[in-house]
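Heads up: the structure comes next, in structure tokens.
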Amino acid sequence: MNTNKNHQTQKKSFLSNLTVQILIAMLLGALLGIFVHNNYAETGAKEFSGYIKMLATIFIRLVQMIISPLVFTTLVVGIAKLGDIKAVGRIGGKAMGWFFSASFISLLIGMFWVNTLEPGFGLELGKVDVSTASEVVSKTEGFSAQNFVEHIIPKSIVEAMATNEILQIVIFSIFFGLAAASIGDYAKPVVNALDKTSHIVLKMVNYVMKFAPIGVFGAIAGVFAIRDLNDLLLTYAKFFGSFLVGISTLWFVLLLVGYIFLKNRMTTLLRHIVSPLFIAFGTTSSEAVFPKLTEELERFGVKDKIVSFMLPLGYSFNLDGSMMYMTFASIFIAQAYGVPLDFGTQMTMLLVLMLTSKGIAGVPRASLVVVAATCGMFNIPIEGIALILPIDHFCDMFRSATNVLGNALATSVVGKWEKD
């Protein structure tokens, strides 16, 4: 009797696990999407996709609803607890050193594999509908150093919070936190109130995450309903296969670095972040897992003041998967159009990508916008973006999950250094 009861409890516990629910949702979403694609006309499938994707939109909006208050409250409290500008500078220095090193390695991996496997050669460009790239190309207008600075520095914290500009919220929160720390006991009531608010927001995270499997189900079903996966993968087999080789290499490097710095604790970290990884993969949104990742890293043992400082910065400066994709896609388009790029030019492109990609994490399809802008700088046809648009969603699934892994690793390692 007791054995049967234990078995039922274990079964219930297994099914209540968020990761298991997300995996089931992904499978059911794919099956439903494929069924609709195979049994309904194109118009009906598109209409179905539009409606079912609303589930993913609702989930992502619920997450976006709590990102601004979460970043502001946790970061201000974290800096106030750090106590002085030297501590902020020390952690910030370690963070930026890690971010730029990781970005450079990610860009190099993309550059190496696209040159080695050469997926862009031999494409039939006559079949490409360049009009599909017009939306992305239009966003590259005015892409300049001035816009970059304007994007980083907020003119209004209210506007920054309304548009979920994480980097702008970070800038304001750092100043606010340092000011609170410098005042000392006088600011304690405000800091305590923000601390309590952050705990309430984190409780909201638990409620929102219960909707994650439904959001993932809607996202996957919507994509599979309008995409003929067999034709897509056959057409883009070389590009997608080469991309997977590059992203797998990046995962190997990140995991290797993780085991070097965290030793056996790396396995524990992976267990903690498996749900955020699957949510990012299913929704193609790193932002969708920000609150959950915050919670899991604190459970892993990273101090809340480190997590609240590192993660918002990482979401603007440390998108490893996106960085790898940017060099890969830019040089791929050059190969397809027969534009020669010597090693020096490619290294210059890599440095340009390193700088132009920072601080635009909130821009929709940010990776494609940066790739299009970079192509324009190096006389590569910008309309070549149309080459990768059909397969971009599936690439985005992998790079979003990689971004989550990279930020979890960076936060954990800096947290370990600070404990030491």
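The shown structure was predicted, so the numbers you read here are calculated from the model rather than taken from an experiment.
Shortest non-hydrogen contact noted between Ser308 and Gly78 is OG-CA, 3.9 Å. The two residues Gly282 and Ala219 come nearest to each other via the heavy atoms O-CB, 3.5 Å. Scanning both residues, Ser412 and Leu297, for their nearest heavy atoms gives OG-CD2, 3.6 Å. Nearest approach of Thr294 to Leu202, heavy atoms of both residues: CG2-CD2, 4.4 Å. Taking both residues in full, the closest heavy atoms of Ala181 and Ile79 are given as CB-O, 4.3 Å, listed atom of the first, atom of the second, then distance. Contact record, Pro390 with Tyr236: CG-OH, 3.4 Å, taken as the closest heavy-atom pair.
At least one side-chain heavy atom of Glu159 sits less than 4.5 Å from a side-chain heavy atom of Lys155. Using a 4.5 Å heavy-atom threshold, the side chains of Ser182 and Leu178 count as separate. Looking only at side-chain heavy atoms (C-beta outward), Asp304 and Thr74 stay at 4.5 Å or farther from each other. In this structure, Val371 and Ile333 have side chains that are in contact, with non-hydrogen atoms separated by less than 4.5 Å. The side-chain heavy atoms of Phe72 and Leu194, taken from C-beta on, include a pair separated by under 4.5 Å. Residues Leu409 and Leu262 are in side-chain contact: their nearest non-hydrogen atoms beyond the backbone lie under 4.5 Å apart. Inter-residue side-chain proximity for Asp342 and Met347 is flagged as unmet; no heavy-atom pair is nearer than 4.5 Å. Side-chain contact between Leu389 and Leu368 is present, with heavy atoms from C-beta onward closer than 4.5 Å.
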side-chain contact (heavy atoms from CB on, under 4.5 Å) between Lys305 and Val77, intermediate numbers included: CA-CA 7 Å; Lys305 60 186 180 183; Val77 172; over 6 Å; no
Apply ring pair (Phe, Tyr, Trp, His ring centres under 6.0 Å) to the pair Phe261 and Trp98, showing each step before the final yes or no. CA-CA 13 Å; Phe261 284 103; Trp98 181 283; 5.8 Å; yes
Between Ser103 and Asp320, does the side-chain hydrogen bond (donor to acceptor under 3.5 Å, both in side chains) criterion hold? Intermediate values first, please. CA-CA 6 Å; Ser103 295; Asp320 298 333; 4.7 Å; no
Walk me through whether Lys303 and Ile306 qualify under side-chain contact (heavy atoms from CB on, under 4.5 Å). CA-CA 5 Å; Lys303 290 178 183 176; Ile306 303 295; 4.0 Å; yes
Could you walk me through whether Leu18 and Gln21 satisfy the side-chain contact (heavy atoms from CB on, under 4.5 Å) test, starting with their C-alpha distance in whole Å, then the side-chain angles of each, then the deciding distance to 0.1 Å, before giving a yes or no? CA-CA 5 Å; Leu18 183 63; Gln21 291 175 5; 4.1 Å; yes
Quick one, Thr374 with Ile380, criterion side-chain contact (heavy atoms from CB on, under 4.5 Å). Give me CA distance, side-chain angles, the key distance, then yes/no. CA-CA 8 Å; Thr374 305; Ile380 302 165; over 6 Å; no
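Screening Leu269, Val307, Leu293 for a side chain to side chain contact (heavy atoms under 4.5 Å, CB included) with Thr411, the sole residue that qualifies is Val307.
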Extract all donor-acceptor atom pairs below 3.5 Å that involve side chains of residues 48-63 and protein atoms in other chains or at least two apart in sequence.
{"unit_1": "Ser49", "atom_1": "OG", "unit_2": "Gly222", "atom_2": "O", "d": "2.7"}
{"unit_1": "Thr57", "atom_1": "OG1", "unit_2": "Lys53", "atom_2": "O", "d": "3.1"}

For residues 26-38, please give each side-chain donor-acceptor pair under 3.5 Å, one per line with the distance, not counting sequence neighbours.
{"unit_1": "His37", "atom_1": "ND1", "unit_2": "Ala225", "atom_2": "O", "d": "3.0"}
{"unit_1": "Asn38", "atom_1": "ND2", "unit_2": "Ile34", "atom_2": "O", "d": "3.3"}

Can you give each donor-acceptor pair under 3.5 Å made by side-chain atoms of residues 104-119, sequence neighbours left out, with the distance rounded to 0.1 Å?
{"unit_1": "Ser106", "atom_1": "OG", "unit_2": "Ala102", "atom_2": "O", "d": "2.8"}
{"unit_1": "Trp113", "atom_1": "NE1", "unit_2": "Thr249", "atom_2": "OG1", "d": "2.9"}
{"unit_1": "Asn115", "atom_1": "OD1", "unit_2": "Gln346", "atom_2": "NE2", "d": "3.2"}
{"unit_1": "Asn115", "atom_1": "ND2", "unit_2": "Met111", "atom_2": "O", "d": "2.7"}
{"unit_1": "Asn115", "atom_1": "ND2", "unit_2": "Gln346", "atom_2": "OE1", "d": "2.7"}
{"unit_1": "Thr116", "atom_1": "OG1", "unit_2": "Phe112", "atom_2": "O", "d": "2.7"}

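For the pair Thr327 (side chain) and Met324 (backbone), a donor-acceptor distance under 3.5 Å is present. In terms of modelled atom types and a separation under 3.5 Å, the side chain of Asn407 and the main chain of Leu311 share no donor-acceptor contact. In terms of modelled atom types and a separation under 3.5 Å, the side chain of Ser198 and the main chain of Asp195 share a donor-acceptor contact. Within the 3.5 Å criterion, the main-chain N or O of Asp392 finds no donor-acceptor partner in the side chain of Asp396. Checking side-chain atoms of Asn403 against main-chain N and O of Asn318 turns up no donor-acceptor pair under 3.5 Å. Without hydrogens or angle criteria, Ser68 side chain to Met161 main chain gives a donor-acceptor distance under 3.5 Å.
Residue Tyr259 qualifies as enclosed at atom OH: its count of foreign heavy atoms under 6.0 Å is above 12. The neighbour count for Phe278 CZ, taken as heavy atoms of other residues, nucleotides or ligands under 6.0 Å away, does not exceed 12. For Asn264, the CG atom counts as loosely surrounded, since its 6.0 Å shell holds 12 or fewer non-hydrogen atoms of other residues, nucleotides or ligands. No more than 12 heavy atoms of other residues, nucleotides or ligands sit less than 6.0 Å from atom NZ of Lys210.
Annotation: the span from Met266 atom CE to Leu255 atom CG amounts to 5.0 Å, rounded to 0.5 Å. Rounded to the nearest 0.5 angstrom, Met209 CE and Ile279 CD1 are separated by 5.0 Å. To the nearest 0.5 Å, atoms CD1 (Ile157) and CD (Gln168) are separated by 8.0 Å. How far CZ of Phe317 is from CE of Met354: 12.0 Å, rounded to the nearest 0.5 Å. A distance of 9.5 Å separates CD1 in Ile200 from OG1 in Thr73, rounded to the nearest 0.5 Å. Atom CD1 of Ile385 sits about 8.5 Å away from atom CD1 of Ile382, to the nearest 0.5 Å.
Ring centers of Phe239 and Phe328: under 6.0 Å apart, within the cut-off.
For Phe290, the ring pair (Phe, Tyr, Trp, His ring centres under 6.0 Å) partners are Tyr315, not counting sequence neighbours. Residues meeting the ring pair (Phe, Tyr, Trp, His ring centres under 6.0 Å) test with Phe394, sequence neighbours left out: none. By the ring pair (Phe, Tyr, Trp, His ring centres under 6.0 Å) test, Tyr325 is found to be paired with Phe243, residues two or more places apart in sequence or in another chain being considered.
Between Lys94 and Glu418 there is a salt bridge, since a side-chain N of the basic residue sits under 4.0 Å from a carboxylate O of the acidic one.
The aromatic rings of Phe300 and His272 sit perpendicular, their planes meeting at an angle over 60°, well past the 30° parallel limit.
Checking Ser275 against Thr19 by side-chain atom types alone, a donor-acceptor pair falls below 3.5 Å.
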